[in-house]
Enquirer: 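Just dropping this structure here.
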2 protein chains.
Amino acid sequence: MRKRGYSLAEQLLDTLEERGYRSTSPRRAVANVIAGQERHFTAEELREKLPEVGRATIYRSLKILVDAGVLCRVLLEDGNLHYQLSHRGHHHHLLCVECGASEDLLGCDIEDLLQSVSAAHGFQLSGHWLEVYGRCQSCLQTQVPA
Amino acid sequence: MRKRGYSLAEQLLDTLEERGYRSTSPRRAVANVIAGQERHFTAEELREKLPEVGRATIYRSLKILVDAGVLCRVLLEDGNLHYQLSHRGHHHHLLCVECGASEDLLGCDIEDLLQSVSAAHGFQLSGHWLEVYGRCQSCLQTQVPA
DNA sequence: ATATTAATGATACCTAGTCTCGAAACTAAT
DNA sequence: ATTAGTTTCGAGACTAGGTATCATTAATAT
Ligand SMILES: [Mn+2]
Ligand SMILES: [Mn+2]
Ligand SMILES: [Zn+2]
Ligand SMILES: [Zn+2]
């Protein structure tokens with residue numbers, strides 16, 4: 001949908017360069033594959049699409065992209081770790097256990113609630129991990145047509 | 001603190017027998033170690049304390065105790081999976097990143113909030129995973145004495 | 001062009017498990 | 001007590017997912 005000028009892959013590489021990372025051909029390859037990804041993906045899936053890139057490089061790239069905030073980790077209900085393009089900032093996901101769709105959960109008041117619950121226990125909140133599993137709208141519709 | 005009659009280890013074994021598992025000496029050994037555990041522990045720590053029990057048996061025992069609801073899994077901030085004695089029912093943990101203390105989070109309204117947030121997105125909630133990290137009361141006190 | 005530094009990838013290694021399978025142990029029925 | 005049927009055991013092979021090492025190569029700065 002994006003015409004010329006500034007592809008998503010270019011954005012990813014720019015983010016790395018801003019952070020002082022060199023622009024190398026393995027990194028360009030990784031950026032291109034990730035930019036074309038519709039859903040969340042595993043390190044292994046990425047590796048299959050880039051057999052010419054070394055394993056260590058795949059994992060290193062994922063790590064720096066997560067650190068840069070452009071990818072986020074998503075823990076599926078089966079325990080498998082996936083990655084997906086991230087909107088900057090901390091957020092959570094609604095994950096469909098049926099079709100794998102993932103919807104971002106932004107600007108809700110979960111953080112506030114955790115803050116107050118922690119305070120009630122004398123805890124100073126420093127972080128949290130949350131994943132929410134369920135069935136998405138379209139899976140509900142196609143599945144319960146009666 | 002428990003006098004005679006019904007030790008925690010015995011409770012664990014009874015839970016297994018109720019579920020149709022035989023009472024065997026490896027299981028008794030596992031139950032005894034777990035019953036004496038003050039904090040959450042890893043499979044590996046359990047293994048170190050039970051060098052005579054086979055590795056597969058350790059993992060099998062942990063799995064059935066989790067399934068039975070008497071142990072719960074706790075994901076530490078560093079990604080390591082620990083186990084700890086569970087009060088029955090779904091609940092979450094406040095985990096101190098300083099001293100490792102873990103406090104159960106029961107009867108709060110997180111579930112309700114998740115329910116309504118999911119509904120707002122057209123999701124049918126089926127489950128979630130939540131861990132909360134911070135500093136506990138006593139760590140806060142000893143650390144900021146000024 | 002040269003020097004400096006960062007990045008790569010082959011490979012070895014590691015952690016946290018799971019799988020297999022013959023042997024041992026438990027339980028129930030005689 | 002013996003037997004038969006079933007469960008459980010544990011040694012060891014195997015796996016997934018990831019990290020450490022390190023000699024070689026590539027990117028950038030001068
Ligand atoms: Mn996201
Ligand atoms: Mn708990
Ligand atoms: Zn769906
Ligand atoms: Zn603490």
Side-chain angles (χ1 to χ4, degrees), chain A residues 9-10 12-34 40-68 71-84 129 131, chain B residues 9-10 12-34 40-68 71-84 129 131:
Chain A
E10 282 164 351
L12 298 183
L13 291 165
D14 282 0
T15 308
L16 294 190
E17 284 187 71
E18 276 164 27
R19 299 198 139 219
Y21 292 104
R22 293 179 179 178
S23 168
T24 68
S25 86
R27 283 179 185 156
R28 283 188 291 271
V30 166
N32 279 322
V33 171
I34 289 178
H40 40 80
F41 55 92
T42 61
E44 205 46 38
E45 284 162 9
L46 185 53
R47 225 161 83 64
E48 276 160 25
K49 296 192 176 165
L50 292 167
E52 75 278 13
V53 176
R55 207 144 95 91
T57 300
I58 295 277
Y59 282 102
R60 283 188 286 240
S61 301
L62 286 172
K63 182 172 285 172
I64 64 183
L65 288 169
V66 168
D67 289 348
L71 280 187
C72 53
R73 291 170 200 270
V74 182
L75 187 61
L76 266 58
E77 203 169 26
D78 62 14
N80 280 109
L81 185 62
H82 284 225
Y83 295 86
Q84 73 179 39
W129 176 269
E131 302 284 7
Chain B
E10 281 164 355
L12 298 183
L13 291 166
D14 282 359
T15 308
L16 294 191
E17 282 186 73
E18 276 164 29
R19 300 201 138 217
Y21 292 105
R22 293 180 178 175
S23 169
T24 68
S25 86
R27 283 179 185 156
R28 283 189 291 272
V30 166
N32 279 322
V33 171
I34 290 179
H40 40 80
F41 55 91
T42 61
E44 204 46 38
E45 283 162 9
L46 185 53
R47 225 162 82 63
E48 277 161 24
K49 296 192 177 165
L50 292 168
E52 74 279 12
V53 176
R55 208 144 97 89
T57 301
I58 296 277
Y59 281 102
R60 284 189 284 238
S61 301
L62 286 172
K63 181 172 286 171
I64 63 183
L65 289 170
V66 168
D67 289 348
L71 279 187
C72 54
R73 292 169 198 270
V74 182
L75 187 63
L76 267 58
E77 204 168 26
D78 61 14
N80 280 108
L81 185 62
H82 284 225
Y83 295 85
Q84 71 179 41
W129 177 270
E131 302 284 6

Enquirer: Give the residues of residues 13-28 of chain B touching DNA chain D, defined as any heavy atom closer than 4.0 Å, sorted by residue number.
Expert: Tyr21(B), Arg22(B), Thr24(B), Pro26(B), Arg27(B)

Enquirer: Can you name the atoms? Protein N/O to nucleotides 12-16 of chain C N/O, anything below 3.5 Å, with the distance.
Expert:
| from | atom 1 | to | atom 2 | distance (Å) |
| --- | --- | --- | --- | --- |
| dA16(C) | OP1 | Asn80(B) | ND2 | 3.0 |

Enquirer: Under 4.0 Å from any atom of DNA chain C, heavy atoms only: list the residues of residues 45-53 of chain A that qualify, in numerical order.
Expert: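 Listed by number, they are Glu52(A), Val53(A).
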
Enquirer: Counting C-beta onward and ignoring hydrogens, is there a side-chain heavy-atom pair between Thr15(B) and Tyr21(B) closer than 4.5 Å?
Expert: no

Enquirer: Taking the side chain as every heavy atom from C-beta outward, state whether Arg27(A) and Ile64(A) have any pair of such atoms under 4.5 Å apart.
Expert: yes

Enquirer: Using the side-chain hydrogen bond (donor to acceptor under 3.5 Å, both in side chains) criterion, which residues pair with Ser23(B)? Sequence neighbours excluded.
Expert: Arg28(B)

Enquirer: Between which nucleotides of DNA chain D, read 5' to 3', does contact with chain A run, using atoms under 4.0 Å from its heavy atoms?
Expert: dG17(D) to dT28(D)

Enquirer: Kindly indicate whether the side chain of Ser61(A), heavy atoms from C-beta on, has any atom under 4.5 Å from the side chain of Thr57(A).
Expert: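 The answer is yes; the side chains approach within 4.5 Å.
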
Enquirer: Mind listing the closest non-hydrogen atom pair of Glu131(A) and Leu75(A) along with its distance?
Expert: OE2-N, 2.9 Å

Enquirer: Work out which heavy atom in Leu12(A) is nearest to a heavy atom in Ala31(A); give both atom names and the distance.
Expert: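 Nearest pair, atom of Leu12(A) first, then Ala31(A): CD1-O, 3.8 Å.
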
Enquirer: Suppose the criterion is salt bridge (charged side-chain N to carboxylate O under 4.0 Å, His left out): which pairs have a residue in residues 71-83 of chain A, not counting sequence neighbours?
Expert: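 Matches after skipping sequence neighbours: none remain.
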
Enquirer: Using heavy atoms to find the nearest nucleotide of DNA chain C for Gly54(A) and Tyr83(B) separately, return the residue whose nucleotide is more 5′.
Expert: Gly54(A)

Enquirer: Between Ile64(A) (CD1) and dA7(C) (P), how many Å, whole number?
Expert: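 To the nearest whole Å, that distance equals 7 Å.
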
Enquirer: Heavy-atom distance under 4.5 Å between the side chains of Leu65(B) and Leu16(B), does that happen here?
Expert: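 Yes, at least one pair of side-chain atoms sits under 4.5 Å.
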
Enquirer: Could you tell me which residues satisfy side-chain hydrogen bond (donor to acceptor under 3.5 Å, both in side chains) with Asp14(B), sequence neighbours excluded, listed by chain and number?
Expert: Tyr6(B)

Enquirer: Calculate the interatomic distance between Leu75(B) atom CG and dG17(C) atom C1'; express it in whole Å.
Expert: 15 Å

Enquirer: Taking side chain to side chain contact (heavy atoms under 4.5 Å, CB included) as the test, write out the residues that go with Ala56(B), two or more places apart.
Expert: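 Listed in chain order: Arg60(B).
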
Enquirer: Using the salt bridge (charged side-chain N to carboxylate O under 4.0 Å, His left out) rule, collect all pairs that involve residues 41-56 of chain A, keeping only residues at least two apart or in two chains.
Expert: Glu44(A)-Arg47(A)

Enquirer: How long is the span from the CG atom in Leu76(A) to the NE2 atom in His40(A), to the nearest 0.5 Å?
Expert: 5.0 Å

Enquirer: Could you tell me which non-hydrogen atom of Ala43(B) sits nearest to which non-hydrogen atom of Tyr59(B), and how far apart they are?
Expert: CB-CE2, 3.5 Å

